[in-house]
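Here is the structure we will look at, set down as structure tokens.
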Amino acid sequence: MSPHVDGRRPARRTAAAGVPLALIAALIAAGPAMGAPSNEARVVRTATLGDIPLGAFSNRLLPGTVADDRGVDLGGIGSDIYPAGRKGEFWTVTDRGPNGQIKMAGTKRRTFPVPGFDPAIVKIRVCGEAVKVLDAIPVTTSSGKPVTGLPNQQGRDEAPYDYNALTALSYNPNGLDTEGIVRASDGTFWLVDEYGPSLVHVSARGKVLTRYVPEGLNLTGAGYPVVEALPSVLLHRKINRGFEGLAQLPGGDLVLAVQSPLSLPDTGAGEASRTTRLLRFSPRKKTVTAEYAYRFDPVNVVDPSEDDTSELKISSVVAVGGDRLLVEERTDKAARLQLVRLDRSSNILGGTWDDDTTSPSLEQLDDPAASGVPVLAKKPVVDLGTVAGVPGKIEGVARVDHDTLALINDNDFGMTDGAGAFDADGRLVDSGVETTVSYVRLPHRL
């Protein structure tokens with residue numbers, strides 16, 4: 001699909017104090033300021049996605065799916081980023097689409113202003129200061145119908161509402177809140193989803209081949225095969241915090257990261273916990289072969305401005321050779337990358353900690369290692385919160401070469417929460433946050 005969609009609106013990007021964007025980019029590319037230490041990570045390139053009306057984008061892929069985009073542009077492709085082979089080219093994936101929250105009578109309602117939106121795999125190229133869309137693939141059912149980004153199950157997922165939180169929408173068992181993406185050697189894609197949480201195998205043209213979900217989910221009515229192949233303990237995932245990170249190891253195995261600690265045995269335990277889980281999945285065996293306990297740093301270490309432990313998330317995992325991974329720990333304002341090795345001796349799959357009657361649960365342990373849990377050892381690589389030019393809410397990380405990473409942010413389609421997200425005519429009041437790809441050069445090889 002061409003990025004030059006009919007009806008494209010002029011870009012809104014501006015620079016602070018009237019400084020031209022080209023000059024800012026040139027200064028960034030020139031390297032650190034005089035006197036800055038040479039052993040620090042630095043942004044060496046920045047590129048921004050221009051404004052593409054969401055309705056035109058979506059209807060070009062699946063005609064008639066979006067009747068009214070409410071002034072929203074294509075965004076949300078920063079859910080993940082994966083090298084596409086050629087220099088400067090990457091595969092990205094949108095999340096479930098524009099969504100927000102509005103409080104009504106003291107209760108937050110989840111809004112879907114463009115309910116016909118269908119998640120898409122988007123191929124991009126970084127060209128100078130611009131991010132260009134090269135291709136886009138809609139994620140569809142076996143028969144080619146849009147899966148949409150709407151929640152699946154009443155009582156388990158948040159109830160969906162229209163843009164003003166006044167009109168209830170229908171649940172959709174096909175709906176996917178897509179996040180991580182990798183491409184297999186056969187040209188198919190693997191995605192992860194936050195609703196199930198689930199691992200989704202997608203054909204080269206976007207049809208869902210299989211959705212792997214936790215045992216006991218009992219998802220019915222989907223227009224594609226659903227297989228209960230993941231540990232049942234994942235049924236305790238926090239709402240909107242299912243799988244977000246996905247990596248492909250050299251041998252083809254996949255690593256799935258649960259974004260936040262499970263709500264086990266209850267919400268309070270999950271909110272206070274710093275222990276989440278990584279899973280290893282074999283596409284050949286079609287099963288989970290290992291599970292690992294991952295321990296976050298204290299929230300004020302990851303983000304000195306934050307004191308709420310529940311803000312900690314894993315948004316990206318990246319394979320860097322052998323069984324080594326980069327793991328991104330973040331809040332919405334800061335992020336740190338850690339290096340871990342998936343040691344066989346750290347496998348907790350099928351043991352005590354997968355039994356949701358175990359008390360205390362893994363999530364309740366103040367010091368899991370002291371209780372005999374083989375927590376993955378980790379080594380800090382870079383604190384992105386200290387690197388000038390890195391935007392907030394980084395959700396995708398890709399390896400460009402031996403010492404350079406590509407980062408992409410999730411701009412939430414320019415949406416904000418609250419009743420002020422749309423004007424009196426139901427048109428978006430844009431946040432001004434753009435989708436940006438930033439190249440960060442590390443001081444040492446990975």
Sidechain N-carboxylate O distance under 4.0 Å for R237, D157:
yes
Where the side chain of N218 meets the backbone of G216, is there a donor-acceptor pair that is under 3.5 Å apart?
yes
How about E329 and Y294: does a side-chain donor come under 3.5 Å of a side-chain acceptor?
yes
For the pair L405 and Y439, evaluate side chain to side chain contact (heavy atoms under 4.5 Å, CB included) and give the outcome as yes or no after the intermediate values.
CA-CA 6 Å; L405 302 173; Y439 283 22; over 6 Å; no
Under 4.0 Å between a Lys/Arg side-chain N and an Asp/Glu carboxylate O for D323 and R341?
no
With a 6.0 Å cut-off (strictly less than), is the heavy-atom count around NZ of K123, excluding the residue itself, greater than 12?
yes
Presence of salt bridge, R277 and E363, under 4.0 angstrom
yes
Examine distances only and state if a side-chain atom of Y224 and a backbone atom of N174 form a donor-acceptor pair shorter than 3.5 Å.
yes
Stepwise side chain to side chain contact (heavy atoms under 4.5 Å, CB included) check, L234 with L279
CA-CA 11 Å; L234 296 174; L279 284 85; 4.0 Å; yes
Would you tell me whether D162 and T167 have side-chain atoms, one donor and one acceptor, within less than 3.5 Å of each other?
no
Do the non-hydrogen side-chain atoms of I408 and T435 ever get within less than 4.5 Å of each other?
yes
Between R324 (side chain) and V320 (backbone), is there a donor-acceptor pair under 3.5 Å?
yes
Would T141 and K207 count as having a side-chain donor-acceptor pair, cut-off 3.5 Å?
no
Side chain to side chain contact (heavy atoms under 4.5 Å, CB included) assessment of L61 paired with D118
CA-CA 9 Å; L61 300 180; D118 191 56; over 6 Å; no
Check for a donor-acceptor pair, side chain of N152 on one end and backbone N or O of G175 on the other, with a separation under 3.5 Å.
yes
Is there a side-chain contact between N164 and T111, using heavy atoms and a 4.5 Å cut-off?
no
Looking only at heavy atoms, the pair that brings P98 and P113 closest together is O-CD, 3.2 Å
Evaluate the side-chain proximity of Y292 to I348: yes if any heavy-atom separation is below 4.5 Å, no if none is.
no
Could you tell me whether the side chains of N172 and T148 share a donor-acceptor contact shorter than 3.5 Å?
yes
So does L407 get a backbone contact from the side chain of S438, meaning a donor-acceptor N/O pair under 3.5 Å?
no
Donor-acceptor under 3.5 Å (D95 side chain, E179 main chain)
no
Salt-bridge contact D401-R441 (side-chain N to carboxylate O under 4.0 Å):
no
Please examine the side chains of I314 and V327, heavy atoms only from C-beta on, and report whether any two atoms are closer than 4.5 Å.
yes
Pair D417 + R110, salt bridge at N-O below 4.0 Å
no
Test V440 against V390 for side chain to side chain contact (heavy atoms under 4.5 Å, CB included), laying out the working first.
CA-CA 8 Å; V440 171; V390 173; 4.0 Å; yes
By the definition side-chain contact (heavy atoms from CB on, under 4.5 Å), identify the one residue from L199, V200, L191 that meets it with L246.
L199
As a quick check of understanding, evaluate side-chain hydrogen bond (donor to acceptor under 3.5 Å, both in side chains) for T331 and K313, giving each step before the final call.
CA-CA 6 Å; T331 66; K313 309 159 190 172; over 6 Å; no
In short, E395 meets D410 closest at the heavy-atom pair OE2-OD2, 3.4 Å
Closest heavy-atom pair, V147 versus T140, reported as atoms and distance to 0.1 Å, is CG1-C, 3.6 Å
Any donor-acceptor pair under 3.5 Å linking the side chain of T404 with the backbone of V400?
no
Whether E244 and R330 form a salt bridge (side-chain N of Lys/Arg under 4.0 Å from carboxylate O of Asp/Glu) is what I want to check.
yes
Under 3.5 Å, is there a donor-acceptor pair linking the side chains of D297 and Q338?
yes
Where the side chain of D425 meets the backbone of D423, is there a donor-acceptor pair that is under 3.5 Å apart?
no
Flag the pair R280 and E291 as a salt bridge only when some basic side-chain nitrogen lies within less than 4.0 angstrom of an acidic carboxylate oxygen.
no
Does the pair E271/R241 count as a salt bridge with the N-to-O cut at 4.0 Å?
no
Qualifying residue for side-chain hydrogen bond (donor to acceptor under 3.5 Å, both in side chains) with Y195, from R156, R96, Q153:
R96
Is the shortest heavy-atom distance from the side chain of R427 to the side chain of D69 under 4.5 Å?
yes
Any side-chain heavy atom of T65 within less than 4.5 Å of one from F117?
no
Check whether S361 reaches the backbone of W353 with its side chain - one donor and one acceptor, N or O, closer than 3.5 Å.
no
With a 4.5 Å heavy-atom cut-off, do T436 and T46 have their side chains touching?
yes
Is the Y163-F112 ring centre distance short of 6.0 angstrom?
no
Do the charged groups of D193 and R211 touch, with an N to O distance under 4.0 Å?
yes
Would you say N411's side chain and V433's backbone share a donor-acceptor pair under 3.5 angstrom?
yes
Quick one: do Y82 and F189 satisfy ring-ring contact (aromatic ring centres under 6.0 Å, His included)? Show the steps, please.
CA-CA 11 Å; Y82 188 78; F189 296 93; 8.9 Å; no
Surrounding CD of E215 (heavy atoms of other residues, nucleotides or ligands, distance under 6.0 Å), is the total greater than 12?
yes
Between E158 and R109, is the closest basic N to carboxylate O distance under 4.0 Å?
no
Heavy-atom closest pair (P83 atom, A398 atom, distance to 0.1 Å) is CD-CB, 4.0 Å
Pair K393 + D412, salt bridge at N-O below 4.0 Å
yes
Quick one, L74 and V133 - any side-chain contact, counting heavy atoms below 4.5 Å?
yes
